[in-house]
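In what follows, a single structure is set out as structure tokens and then discussed.
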Number of protein chains: 2
Amino acid sequence: MNVMNASPRRKELTRLAAQLFVQEGFDRTTVRMLAQEMGIKSGSLFHHFKDKQEILAAVIEEGTHNALVIARRALDNCDEHPEARLRAMARAHLETLFTDRNAHVVALFEWRRLASDASAHLSHLRDAYEALWVQVIDDALEAGLIHGDCFLVSRFILGALNWTVRWYDPGGPRTPDDLADELVAMITAR
Amino acid sequence: MNVMNASPRRKELTRLAAQLFVQEGFDRTTVRMLAQEMGIKSGSLFHHFKDKQEILAAVIEEGTHNALVIARRALDNCDEHPEARLRAMARAHLETLFTDRNAHVVALFEWRRLASDASAHLSHLRDAYEALWVQVIDDALEAGLIHGDCFLVSRFILGALNWTVRWYDPGGPRTPDDLADELVAMITAR
DNA sequence: TGGATAACCAAGCAAGCGCTAGGGCGAATG
DNA sequence: CATTCGCCCTAGCGCTTGCTTGGTTATCCA
């Protein structure tokens, strides 16, 4: 499954690529910019990655994988109250967006740039992550904590969370956890 | 204020450009693709627009302007109940995203690609649009319809709405109005 | 000690990019 | 009737792009 990030060197390069992709966007990031950031020449890049697409695929796999792992850990480490679990998921989501700020952002905002074969190969990771959300939201609905259609609710919540990337200032007074808590409070207020 | 889209021909070209920008993204859309879609040669494009940046600016101005006009009209045509006004804004927002599906989407998702001078020139339009939202949300907060911080609530709502572009299928069973109503119901449920 | 291997570089190619120069042509205008 | 004007074309320039080729090291293990 995870053939992609074998060597530690490649993993480090993937991390740097993620950073640049967030700053500039995938299309505007040239292989020469990537190489310079990595301290090598542009040709050397293709010793580690078959082409530019594969760099993107590696970053997105990393980002989605991280999000999945962190969300699972968050669910394991919280009690069974539907509201606590909802809050844990929201916090975990923002944690992957802002503390390890890069790979998951790329996964969310540059998914369209994936070639269709890579997209097909990675979609199961994304599906597994979204399945976590669906389950947590289903429980919250059943407990009467929130109201509406599960599919729509999950899309709305993820939309609100993902869009934070566009406006949130990590230097400001609010922490990512504050945001998560406020969102959960907003949709569970009675 | 609106020096940008003078001639009707240019307005039509702007409409076509918006369509391509949504499909492909600004960076991946070449001037040759734009020209072909418009039925002219690539060189002829620069009779209407100074450069590619100006096409983007024209599209974004169009999209933001439309959103502002439609939102104002929606507010004029609904009663004064805070919930009705909230629903009207959400419906108007999705209307500009999905019925005239292009220019506003570009304004939201390609704003970063604007050169700083164009961005500065257009930001007042965006600010005016967001001011409408802030006012409507403030009223809803005061009426006790929703709870939380006005700034955060508006960001969350707009995030949830904007993200629909990524998953909503216009061919499906739900109308954009359905989405808007469900979102409002979700955050006002007691 | 010798051969494989991983990591890199120098040089550059073919294709595509945004954009320009200079001219043609029919409709509107004086 | 002459001139302007809006709209378009042909041709191509200069540059950047992703990527390739062929070769050089340093490291590691048999």
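Each chain gets a letter, A, B and so on, in the order the sequences are listed, and its residues count up from 1. Just so you know, these numbers use all the heavy atoms, side chains as well, and skip hydrogens, waters and symmetry mates.
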Ring centers of [X], [Y] separated by less than 6.0 Å:
X	Y	answer
A/Phe109	A/His104	no
A/Trp111	A/Phe26	no
A/Trp163	A/Tyr168	no
B/Trp133	B/Phe156	no

Can you check whether [X] has a side-chain N or O nearer than 4.0 Å to OP1 or OP2 of [N]?
X	N	result
B/His48	D/dG6	no
B/Lys41	D/dC8	no
A/His47	C/dC8	no
A/Ser44	C/dC9	yes

Audit row: A/His124, A/Tyr129, ring-ring contact (aromatic ring centres under 6.0 Å, His included) steps and yes/no: CA-CA 9 Å; A/His124 74 279; A/Tyr129 181 67; over 10 Å; no
Let me know the distance between [atom1] of [X] and [atom2] of [N], rounded to the nearest Å.
X	N	atom1	atom2	answer
B/Glu12	D/dC7	CD	P	13 Å
A/Met38	C/dA7	CE	P	13 Å
A/Phe46	D/dG23	CZ	P	21 Å
B/Arg32	C/dC19	CZ	P	11 Å
B/Arg9	C/dA27	CZ	P	16 Å
A/Asp27	C/dC17	CG	C1'	13 Å
A/Arg113	D/dG18	CZ	P	14 Å
A/Asp51	D/dG18	CG	P	11 Å

By nearest nucleotide on DNA chain C, pick out whichever of B/Arg28 and A/Gly39 is the more 5' one.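 Going by which nucleotide is closer to the 5' end, it is A/Gly39.
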Of A/Lys50 and A/Met33, the one whose closest DNA chain D nucleotide lies more 5':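 Going by which nucleotide is closer to the 5' end, it is A/Met33.
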